[in-house]
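Accompanying notes for the structure given below.
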Amino acid sequence: MPLEENVCGNSTMFNFLVARLKNCFRYQKLVFFKVIGDKKGGKTSKIFANNDSMKTLEEIAEVVKLPMKFIHVTRNPFDNIATMTLRLASQRNNVREEGIKLNDTRRLDLSINSYFKLATANQRVRERYGKAVIDIPGQETVLRPRETIQKLCDHLGVTCSDDYLDKCSNIMYGAPSVTRDKVIWTEEQKRRVTQKMKEFPFLRDYSFDVYPE
């Protein structure tokens with residue numbers, strides 16, 4: 001899937017991929033493959049908010065003749081929204097120092113609204129494709145990389161050797177990113193986000209006060 005957002009917010013890039021894939025098959029440039037994929041985080045969700053993009057997914061599946069699978073990586077909404085706000089205010093680097101926080105209620109409200117629009121788009125995909133979508137909590141890739149990679153391979157229907165799992169696990173290190181404490185939240189904003197999270201099954205286990213472990 002091409003997951004680059006375009007200026008008009010339509011599915012032009014999806015259509016481009018379909019055309020390229022058809023051309024490859026026509027001239028037999030692609031013979032055998034098991035997995036085709038790409039990712040672009042939030043931009044993917046923006047594309048899926050467009051009904052035409054959902055239709056184009058069906059075209060892609062028809063061309064490649066492979067089952068459509070989705071890896072839906074989730075993160076605590078409070079951290080996602082905080083990061084979106086810091087980027088919107090161009091303050092991501094400025095708050096890295098301990099004790100510095102961004103106080104921008106207006107931008108935080110904008111990020112809250114934007115976030116749940118993206119979550120709604122992701123939920124549409126989950127409802128449409130059912131078991132073809134796997135939810136992966138982002139912190140699991142760092143805290144439990146081997147188990148997470150095995151789960152992903154099983155979902156995609158591909159074999160992953162112990163050597164592959166070891167090598168992948170060795171390059172996945174550090175700690176999950178937590179940014180919710182880098183912005184100042186009003187109590188009303190916390191309540192609003194907490195309430196909205198209940199509408200999405202993949203967000204119900206998160207909360208402001210629970211940290212990855």
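These values consider heavy atoms only, across backbone and side chains, with no hydrogens, waters or symmetry-generated copies. Treat the numbers as computed from the prediction; the structure is a model and nothing was measured.
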If only atom types and distance count, is the side chain of T148 paired as donor or acceptor with the main-chain N or O of E140 below 3.5 Å?
yes

Using 4.0 Å as the upper bound for N to carboxylate O, is an ion pair formed by R191 and E188?
no

Is it the case that the side chain of H155 and the backbone of A132 share a donor-acceptor pair, with hydrogens and angles ignored and the cut-off at 3.5 Å?
yes

Tell me the closest heavy-atom pair linking K101 and D181, and the distance in Å.
CE-O, 3.0 Å

Spacing of L102 atom CG and I184 atom CD1 [to the nearest 0.5 Å]
7.5 Å

Examine M68 and V133 and state if one hydrophobic cluster contains both, with Ile, Leu, Val, Met, Phe, Trp and Tyr joined whenever side-chain heavy atoms are less than 4.5 Å apart.
yes

Is there a side-chain contact between Y206 and V193 (heavy atoms, below 4.5 Å)?
no

Counting C-beta onward and ignoring hydrogens, is there a side-chain heavy-atom pair between M172 and V142 closer than 4.5 Å?
no

Could you pull out the closest heavy-atom pair between K198 and R204, with the gap in Å?
O-NE, 3.0 Å

Within a strict 4.5 Å, meaning less than it, do heavy atoms of the Q189 and F208 side chains meet?
no

Evaluate the side-chain proximity of F78 to V178: yes if any heavy-atom separation is below 4.5 Å, no if none is.
no

NZ or CZ of R180 within 45° of Y211 ring axis and under 6.0 Å:
yes

Does atom NZ (K190) have a neighbourhood of more than 12 heavy atoms from anything else shown, all under 6.0 Å?
yes

Give a yes or no on whether D205 atom CG has more than 12 heavy-atom contacts from other residues, nucleotides or ligands under 6.0 Å away.
no

Is L86 linked to I100 within one hydrophobic cluster, defined over Ile, Leu, Val, Met, Phe, Trp and Tyr using a side-chain heavy-atom separation of less than 4.5 Å?
yes

Say you draw a straight line from OG1 of T74 to CZ of F202; how long is it, rounded to the nearest 0.5 Å?
8.0 Å

E147: what forms a salt bridge (Lys or Arg N to Asp or Glu O under 4.0 Å) with it, not counting sequence neighbours?
none

State the CD-CZ distance between E199 and F116, to the nearest 0.5 angstrom.
7.5 Å

Whether the R126 and Q123 side chains hold a donor-acceptor pair (N or O, under 3.5 Å, no angle test) is what I'd like checked.
yes

CG on L108 to CE on M84, rounded to 0.5 Å
10.0 Å

Closest heavy-atom pair, G138 versus V73, reported as atoms and distance to 0.1 Å, is CA-CG1, 3.8 Å

Mind checking whether F200 and T120 have side chains closer than 4.5 Å, heavy atoms only?
yes

So how far is it from T141 OG1 to L152 CG, rounded to the nearest 0.5 Å?
9.0 Å

In a check of side-chain contact (heavy atoms from CB on, under 4.5 Å) between Q91 and each of N93, L88, N94, which one passes?
N94

From T179 OG1 over to D79 CG, what is the distance, rounded to the nearest 0.5 angstrom?
4.5 Å

Is it the case that the side chain of N76 and the backbone of S207 share a donor-acceptor pair, with hydrogens and angles ignored and the cut-off at 3.5 Å?
yes

Taking side chain as C-beta onward, heavy atoms only, is K46 less than 4.5 Å from L118?
yes

Determine, stepwise, if the pair R124 / E127 fulfils salt bridge (Lys or Arg N to Asp or Glu O under 4.0 Å).
CA-CA 5 Å; R124 288 177 61 233; E127 291 171 354; over 6 Å; no

Evaluate the side-chain proximity of I171 to K167: yes if any heavy-atom separation is below 4.5 Å, no if none is.
no

What I want to check is whether the side chains of S177 and R75 have a donor and an acceptor closer together than 3.5 Å.
yes

Connected via hydrophobic side-chain network under 4.5 Å: L203 and V125
no

Check this for me, if you would: do R146 and D162 make a salt bridge, where the nitrogen-to-carboxylate-oxygen distance has to be below 4.0 angstrom?
yes

